[in-house]
Amino acid sequence: MPKIILVASFDCVVFGATGDLTLRKLLPALYYRFLDGQMPGDSRIIAAARSDLTDESYRERAAKALHRHVAAVDLQEAAVDRFCERLSYIRVDGTTDRGWDTLGAVLSEMPERVRVFYLATSPELYGPISAHIGRFGLVTPQSRVVLEKPIGHDLASARAINDQVGEVFTEAQTFRIDHYLGKETVQNLLALRFANSIFERLWNTDVIDHVQITVAETVGVEGRAGYYDSSGALRDMVQNHLLQLLCLLAMEPPISLDADAVRDEKLKVLRSLRPIEPHEAGARMVRGQYTQGAVDGQPVLGYMHDLGTAEPSRTETFVALKAEVRTWRWANVPFYLRTGKRLPQKVSEIVIQYRALPFSIFPADGTDLQPNRLIIRLQPEEGMRLEMMTKEPGPGGLRLRRTGLDISFEKAFGTRYADAYERLLMDTVRGNTTLFMRRDEVEAAWAWVEPLIEAWSSSSDLPRPYAAGSWGPTASIAMIARDGRTWHEELG
Ligand code: BG6
């Protein structure tokens with residue numbers, strides 16, 4: 001199969017073109033696709049934002065962003081210049097009529113080609129921008145709209161946004177991004193499960209004791225304190241990224257890789273999640289907030305300081321919770337999820353913990369029998385490790401030791417891993433929605449998370465403090481310990 005699927009020339013209009021996401025992620029992703037020859041000659045990237053900029057001044061900004069966010073080895077000045085020539089800037093206001101005629105005139109030069117409207121703005125603007133796109137007649141049969149997460153901040157606002165966007169774009173034209181689905185290793189979960197019979201046959205309650213999903217970050221809230229404080233880890237990470245990972249792990253085999261076949265199965269998982277009643281929330285969920293500490297040997301300040309307000313905030317920067325999937329396959333197999341900022345390591349990892357042996361024939365002394373464990377490292381150092389018991393070599397009795405079968409993807413494939421946005425942007429151009437969230441998925445995820453949010457807002461508890469650089473509040477260890485289990489210790 002060719003490594004690069006060629007596409008016809010396209011137009012990509014990026015709203016929020018001066019924002020962090022565009023400069024940090026979208027432009028570098030488009031640049032890499034350009035370098036790889038996946039952006040045909042006259043494709044155009046039309047940057048749209050409210051600032052008063054010219055094509056030239058926007059190109060300067062873009063070049064600066066590329067220098068900051070693209071690996072030095074991939075920065076060729078001539079290529080950066082040629083890439084920037086594809087960029088133009090239009091001053092457009094998503095909430096008024098300013099700039100829309102100009103945008104319309106530019107787009108109408110190429111009415112037949114694929115037209116991507118990328119909404120890298122805050123979600124409150126998704127409705128108004130879509131309405132303008134519709135009113136100014138910019139939607140063609142070849143148009144698509146891309147919506148960044150979060151789609152709203154609860155179920156009602158997500159529905160409202162989906163309704164507003166749905167008045168202008170069909171579901172097939174709507175691409176709701178969860179960038180975790182664009183990560184190579186996340187897609188590898190499909191390969192692991194459905195291209196290897198040894199795993200899929202051992203993927204159920206008969207053999208699996210529990211599953212852990214950890215997405216840990218060392219960063220704090222960076223320059224996003226305003227957004228983050230109104231969101232928190234549950235909305236920012238669990239409602240989307242962690243639940244999407246859970247879906248890929250827990251779903252039944254889809255009948256094909258077609259977008260709806262995969263998304264139907266993921267939806268079933270979301271709908272089978274056991275609701276957590278408000279009175280149980282305290283026992284099944286732990287929220288934390290970082291205080292000052294040290295990460296990577298550097299002292300860092302606490303969340304309240306990062307926020308820069310004197311008012312105490314109840315927003316959680318860490319959350320751990322116990323989820324259950326109510327199906328025949330997963331009965332009695334808890335899924336423990338945790339994510340947080342200012343943890344000791346940046347690591348995303350899934351641990352499939354198999355059940356203990358029903359009986360041991362080995363001598364008790366000198367043998368620490370450990371159940372098998374499959375560890376899937378999503379980032380960094382992407383790979384997999386299957387932990388098994390083996391005989392320690394040498395005479396002197398039969399001693400067993402845990403060893404691992406390791407696959408390092410970098411060593412196996414020796415290639416740069418494309419950033420999630422590179423794949424997702426090209427999937428959008430190609431019109432492939434498999435790795436995007438369907439409306440009912442997003443809403444089902446909110447429906448599950450919402451009682452947790454409500455339980456929290458009706459209590460007066462504060463998030464539990466944890467020192468930056470630790471693995472979160474000790475209550476998270478206690479939560480899993482109550483079930484006789486521990487978090488994957490090698491992370492600690
Ligand atoms: C984003 C969240 O969706 O994902 C951020 O809004 C978080 O808060 C980021 O830092 C993590 O993504 P990645 O790809 O660095 O794991």
Side-chain angles (χ1 to χ4, degrees), residues 16 19-26 28-29 32 68-71 118-123 126 146-153 158 175-189 213-246 248 287-290 295-296 300 303 306-307 313 315-319 337-350 376-382 416-425 435-437 441-442 445-446 449 468 472 491:
D20 182 61
L21 176 71
T22 305
L23 299 175
R24 206 160 44 86
K25 290 288 185 185
L26 303 184
Y32 272 112
R68 191 165 314 143
H69 301 296
V70 170
Y118 200 117
L119 275 46
T121 64
S122 82
Y126 296 169
V146 185
L147 308 177
E148 261 299 325
K149 69 146 268 269
I151 312 282
H153 58 273
F175 289 67
R176 297 179 192 81
I177 280 210
D178 181 314
H179 79 279
Y180 266 59
L181 293 178
K183 290 184 190 273
E184 285 286 342
T185 33
V186 174
Q187 288 157 59
N188 220 346
L189 294 175
I213 304 177
T214 296
V215 177
E217 297 185 274
T218 50
V219 291
V221 287
E222 312 286 281
R224 303 158 74 221
Y227 152 75
Y228 195 87
D229 199 50
S230 62
S231 170
L234 193 60
R235 287 187 172 100
D236 185 50
M237 297 294 286
V238 176
Q239 187 271 344
N240 34 76
H241 306 325
L242 275 84
L243 285 185
Q244 286 294 320
L245 293 178
L246 186 151
L248 291 176
R287 294 182 188 236
Q289 191 184 86
Y290 63 84
V295 177
D296 291 334
V300 292
Y303 179 70
D306 290 352
L307 215 53
S313 161
T315 300
E316 78 287 355
T317 59
F318 173 97
V319 62
L337 317 183
R338 68 175 164 165
T339 181
K341 300 222 180 262
R342 289 284 190 232
L343 300 185
Q345 265 177 278
K346 170 146 178 89
V347 63
S348 301
E349 204 167 70
I350 293 164
I376 306 165
R377 180 61 86 96
L378 303 176
Q379 61 183 21
E381 290 149 28
E382 293 82 352
R416 176 186 82 87
Y417 266 29
D419 185 78
Y421 281 95
E422 294 178 49
R423 165 178 295 269
L424 296 175
L425 274 161
L435 297 178
F436 295 81
M437 295 180 292
E441 272 183 86
V442 173
W446 276 122
V449 162
L491 285 174

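As the structure lists them, so they are numbered: ligands from 1, and atoms in each ligand from 1. Heavy atoms only: backbone and side chains are in, while hydrogens, waters and symmetry mates are out.
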Per-atom contacts of ligand 1 with K149, taking only distances under 4.0 Å to non-hydrogen atoms: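 The list of qualifying atoms is 1 (C), 2 (C), 3 (O), 6 (O).
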So if I count the atoms of ligand 1 from 1 in the order they appear, which ones are less than 4.0 Å from some heavy atom of H241?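 It comes down to these atoms of ligand 1: 1 (C), 3 (O), 4 (O).
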Looking only at protein heavy atoms, identify the closest one to [atom] and say how far it is in Å.
atom                    : result
atom 14 (O) of ligand 1 : K183 NZ, 2.6 Å
atom 12 (O) of ligand 1 : H179 NE2, 3.2 Å
atom 8 (O) of ligand 1  : D236 OD2, 2.6 Å
atom 15 (O) of ligand 1 : K346 NZ, 2.8 Å
atom 16 (O) of ligand 1 : Y180 OH, 2.4 Å
atom 5 (C) of ligand 1  : R224 NH1, 3.4 Å
atom 9 (C) of ligand 1  : E217 OE2, 4.0 Å

N/O of [X] under 3.5 Å from N/O of ligand 1, yes or no?
X    : result
Y228 : no
Y227 : no
S348 : no

side-chain hydrogen bond (donor to acceptor under 3.5 Å, both in side chains) evaluation trace for Y118 with E148: CA-CA 8 Å; Y118 200 117; E148 261 299 325; 2.8 Å; yes
H179 vs Y421 aromatic rings, parallel, tilted or perpendicular, using cut-offs 30° and 60°?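 Parallel: the ring planes of H179 and Y421 meet at under 30°.
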Is D20 salt-bridged to K25, cutoff N-O under 4.0 Å?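 No, this pair does not count.
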Supply the atom-to-atom distance L424 CG to Y180 OH, rounded to the nearest 0.5 angstrom.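 Result: 13.0 Å between the selected atoms.
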First locate atom OG1 of T185, then atom CD of E381, and finally report the distance between them rounded to the nearest 0.5 Å.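 Between T185 OG1 and E381 CD, I get 12.0 Å after rounding to 0.5 Å.
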For T218 against L343, the heavy-atom pair lying closest together: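 In this case the closest contact between T218 and L343 is CG2-O, 3.4 Å.
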Under 3.5 Å, is there a donor-acceptor pair between the [X] and [Y] side chains?
X    : Y    : result
Y290 : D306 : yes
E349 : T214 : no
S231 : D236 : no

Tell me, please: is K341 in heavy-atom contact with ligand 1, that is, under 4.0 Å?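 Yes, that is the case, since the closest heavy atom of the residue is under 4.0 Å from the ligand.
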